[in-house]
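Inspection log for the structure reproduced underneath, given as structure tokens.
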Amino acid sequence: MPKGKKRSKGKGKGKAKGKGTRGKGKNRGKKAVLVGADGDTKKLFKAYDRNCALMNSQMSPGLKKLLRAAAEENRIVTKLILESVPVEKEGDLPVLFEPLMASLRQERYKHVKDIHVWDYPLSYEDVASLALFLEKSVYPVRLLELLDCLLDAQTIPRLAKTFYGCERLTTLVLDYNEFGDEGCKILCNGLENNVSLLSLSLCYCNLGIPSGSCLGHIISTTAVRELFLDGNELECEGTIELIKLCVDQADIEAYEREEEAKKKEEEKALLEKVRKSSSTSGIETAVSGSDMDQTDAISLTGGGKKKNKKGKGKRKKKKKAPPSPPPVGPWLHKLHLADNGIDGYSKGGTFAPVICMRLFKKLLMNSKCLVELDVEDNCIGELGGREVLEGLTRRKEAKLGGCKARTTHKMTPDTFKAIVSKRRERGEEKKERKERRAKRRRNNGPLTQ
């Protein structure tokens with residue numbers, strides 16, 4: 001791990017609690033708990049205790065406390081956190097990973113959704129056991145977080161096979177595992193046909209320039225829309241390879257929006273012409289003097305058959321359609337590239353960060369889905385800061401929505417203040433919209449069905 005960097009354990013560290021559910025009918029609005037079926041959590045706790053005794057391991061203190069409390073209250077545990085415990089005395093047993101996996105498989109505990117492993121050195125056998133667990137469709141695991149688990153290019157291939165065609169996992173966090181470019185390439189090969197993963201975090205994984213093209217291909221051919229790559233060495237060349245396909249897609253979408261706006265303006269002008277002609281000489285003159293056919297003129301002037309009014313009666317409740325699968329393509333929502341060596345000292349020379357920031361400018365001014373961009377701790381310079389500022393300005397003019405942008409302060413104070421002011425303006429607009437919505441709700445009163 002690089003010196004001077006603080007390790008982030010992610011959200012949710014500590015005691016995990018079962019999620020509440022909103023009840024129906026009379027209990028609607030009351031706080032509810034997830035009740036375990038036939039004491040599933042109690043069985044899991046007993047199995048974990050038994051397997052730890054058989055495999056000469058001690059129970060993880062945090063996990064033991066969580067499972068015991070949930071078993072007493074007959075609650076379902078959906079998040080499991082396993083941490084290594086240092087062996088202080090000579091007779092103390094270590095915390096092992098296999099007893100937990102064996103307990104989950106033996107009891108077929110189908111409620112776990114989030115698995116967190118922190119500061120635990122996973123061996124190849126541990127990774128294989130975890131992969132076999134994830135490959136079973138019975139277990140709906142949606143988040144996998146392996147922080148500082150000493151994963152390398154030898155253990156990554158077994159884990160990567162799990163993601164091939166996986167339809168449940170949506171978030172993968174492999175921070176502080178220095179598997180390098182070779183491991184990143186193997187991981188990307190495993191994610192080739194994945195259609196469910198939305199968020200990928202590879203911070204401080206010793207990634208270099210070759211990883212930029214691999215990750216750029218994954219962004220463009222899968223549903224991944226959130227990418228966190230802080231603390232690597234992609235530099236300008238790797239960053240350009242990473243985002244160039246996303247920039248091309250954003251340019252295409254901007255061109256399509258312009259064409260659609262022109263078409264609407266033409267239709268609006270034609271409608272005004274038809275109205276003026278119909279007010280003076282009737283609709284027939286307007287139709288004969290234009291290139292439209294009769295059906296287009298009738299539709300523009302509001303003629304034709306009237307819609308049948310719905311009869312009074314009980315309204316049928318519309319069934320909610322199932323959520324559509326996430327789109328596959330080069331659409332980035334969040335991109336974090338802090339401390340990645342994007343500066344003028346790399347291979348591209350002095351103008352490399354300017355070229356890189358020009359691509360980010362196009363992404364900011366044309367991408368409608370981008371909501372976060374972080375390039376902090378990169379010496380992009382004054383010219384690079386100007387490119388980011390212009391992208392934010394053009395984005396606001398195009399009314400594409402807000403985007404949180406974070407850059408380094410190593411530029412002239414005027415440019416940095418202008419970038420910060422853009423963020424503040426967006427925050428104030430968001431706050432005003434929330435206040436207007438709250439005021440509208442207060443004035444309209446509670447909604448009745």
Side-chain angles (χ1 to χ4, degrees), residues 1 7-10 60 79-84 95-105 109 112-208 210-211 213-215 217-219 221-224 226-232:
M1 184 188 304
R7 180 178 302 166
S8 174
K9 292 294 185 183
S60 175
K79 178 162 59 174
L80 300 176
I81 302 174
L82 181 70
E83 291 184 276
S84 64
V95 175
L96 299 181
F97 182 72
E98 181 57 29
L100 177 60
M101 289 291 102
S103 304
L104 292 172
R105 289 195 300 267
Y109 193 78
V112 60
K113 294 181 180 179
D114 302 346
I115 296 179
H116 304 260
V117 183
W118 296 339
D119 296 328
Y120 185 88
L122 291 174
S123 63
Y124 186 87
E125 290 76 13
D126 294 334
V127 173
S129 178
L130 176 62
L132 289 172
F133 177 79
L134 295 174
E135 287 169 359
K136 301 294 183 182
S137 59
V138 180
Y139 307 107
V141 179
R142 63 187 180 186
L143 184 147
L144 178 63
E145 185 178 54
L146 306 177
L147 292 184
D148 199 7
C149 294
L150 299 182
L151 299 177
D152 53 18
Q154 281 71 40
T155 55
I156 282 290
R158 183 62 190 92
L159 186 64
K161 289 181 181 178
T162 307
F163 310 132
Y164 184 83
C166 181
E167 297 181 356
R168 300 174 304 280
L169 196 68
T170 60
T171 305
L172 177 63
V173 182
L174 300 178
D175 297 347
Y176 303 103
N177 293 288
E178 299 181 358
F179 44 77
D181 295 327
E182 184 181 353
C184 181
K185 184 178 179 181
I186 297 170
L187 180 65
C188 291
N189 290 337
L191 293 172
E192 188 74 31
N193 294 323
N194 190 283
V195 294
S196 64
L197 193 68
L198 302 178
S199 179
L200 178 62
S201 181
L202 302 176
C203 299
Y204 300 97
C205 290
N206 196 24
L207 306 183
S211 298
S213 58
C214 299
L215 293 170
H217 177 70
I218 288 300
I219 292 172
T221 57
T222 65
V224 175
E226 297 179 2
L227 192 60
F228 304 91
L229 299 173
D230 298 340
N232 292 296

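- Judged by distance alone, the side chain of N232 and the main-chain N or O of N206 form a donor-acceptor pair under 3.5 Å.
- Put simply, the side chain of E182 does not reach to within 4.5 Å of the side chain of P210, judged on heavy atoms.
- Two residues are said to be in side-chain contact when any heavy atoms from C-beta on lie closer than 4.5 Å; Y176 and L151 fail this criterion.
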| request: Given side chain to side chain contact (heavy atoms under 4.5 Å, CB included), test T162 with L169 step by step and report yes or no. | output: CA-CA 10 Å; T162 307; L169 196 68; over 6 Å; no
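- When side chains are defined from C-beta on, L150 does not count as touching L122, because their heavy atoms never get closer than 4.5 Å.
- Put simply, CG on L200 and CG on L229 are 7.0 Å apart, with the number rounded to the nearest 0.5 Å.
- Taking the side chain as every heavy atom from C-beta outward, L215 and L202 approach each other to under 4.5 Å.
- With a 6.0 Å radius and a threshold of 12 heavy atoms from other residues, nucleotides or ligands, E135 has its CD atom above the threshold.
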| Can you check side chain to side chain contact (heavy atoms under 4.5 Å, CB included) on Y164 and N193, steps first, answer last? | CA-CA 6 Å; Y164 184 83; N193 294 323; 3.0 Å; yes
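- A 4.5 Å side-chain heavy-atom check between V224 and L191 finds every atom pair outside the cut-off.
- For the pair L130/L144, a side-chain contact is recorded, criterion being any heavy-atom separation below 4.5 Å from C-beta on.
- In this structure, the separation between NZ on K161 and CD1 on I156 is 13.0 Å, given to the nearest 0.5 Å.
- To the nearest 0.5 angstrom, K185 atom NZ is 14.0 Å from L207 atom CG.
- Using a 4.5 Å heavy-atom cutoff, the side chains of Y124 and R158 are in contact.
- Taking OH of Y109 as the start and CG of L80 as the end, the distance is 7.0 Å to the nearest 0.5 Å.
- The salt bridge (Lys or Arg N to Asp or Glu O under 4.0 Å) test applied to E98 returns R105, not counting sequence neighbours.
- H116 pairs with exactly one of E145, K79, E83 by the side chain to side chain donor-acceptor pair (under 3.5 Å) rule, that one being E145.
- Taking SG from C149 and CG from D175, the interatomic distance works out to 10.5 Å, rounded to the nearest 0.5 Å.
- Within the structure, no pair that satisfies the ring pair (Phe, Tyr, Trp, His ring centres under 6.0 Å) test touches residues 177-196, not counting sequence neighbours.
- Side chain of D181 to main chain of C184: no donor-acceptor pair is present (N/O by atom type, distance under 3.5 Å, no hydrogens or angles).
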| request: Apply side chain to side chain contact (heavy atoms under 4.5 Å, CB included) to the pair F133 and V112, showing each step before the final yes or no. | output: CA-CA 11 Å; F133 177 79; V112 60; 4.0 Å; yes
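- Closest non-hydrogen pair, S137 versus R168, comes out as CA-NH1, 3.7 Å.
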| field | side chain to side chain contact (heavy atoms under 4.5 Å, CB included) between R142 and T171, worked out | value | CA-CA 6 Å; R142 63 187 180 186; T171 305; over 6 Å; no
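- Across all non-hydrogen atoms, the minimal contact from P121 to D119 is CD-O, 4.0 Å.
- No hydrogens or angles considered: nothing links the side chains of Y204 and D230 as a donor-acceptor pair under 3.5 Å.
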| Residues D126, S129; criterion side chain to side chain donor-acceptor pair (under 3.5 Å); working and verdict | CA-CA 5 Å; D126 294 334; S129 178; over 6 Å; no
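- With hydrogens and angles disregarded, no donor-acceptor distance shorter than 3.5 Å links the side chain of Y120 to the backbone of L82.
- Contact of the F163 side chain with the T222 side chain is not registered, since no non-hydrogen atoms from C-beta on lie closer than 4.5 Å.
- To the nearest 0.5 Å, atom SG of residue C188 and atom CD1 of residue I219 are 9.0 Å apart.
- Between A153 and P157, the shortest heavy-atom contact is O-CD, 3.2 Å.
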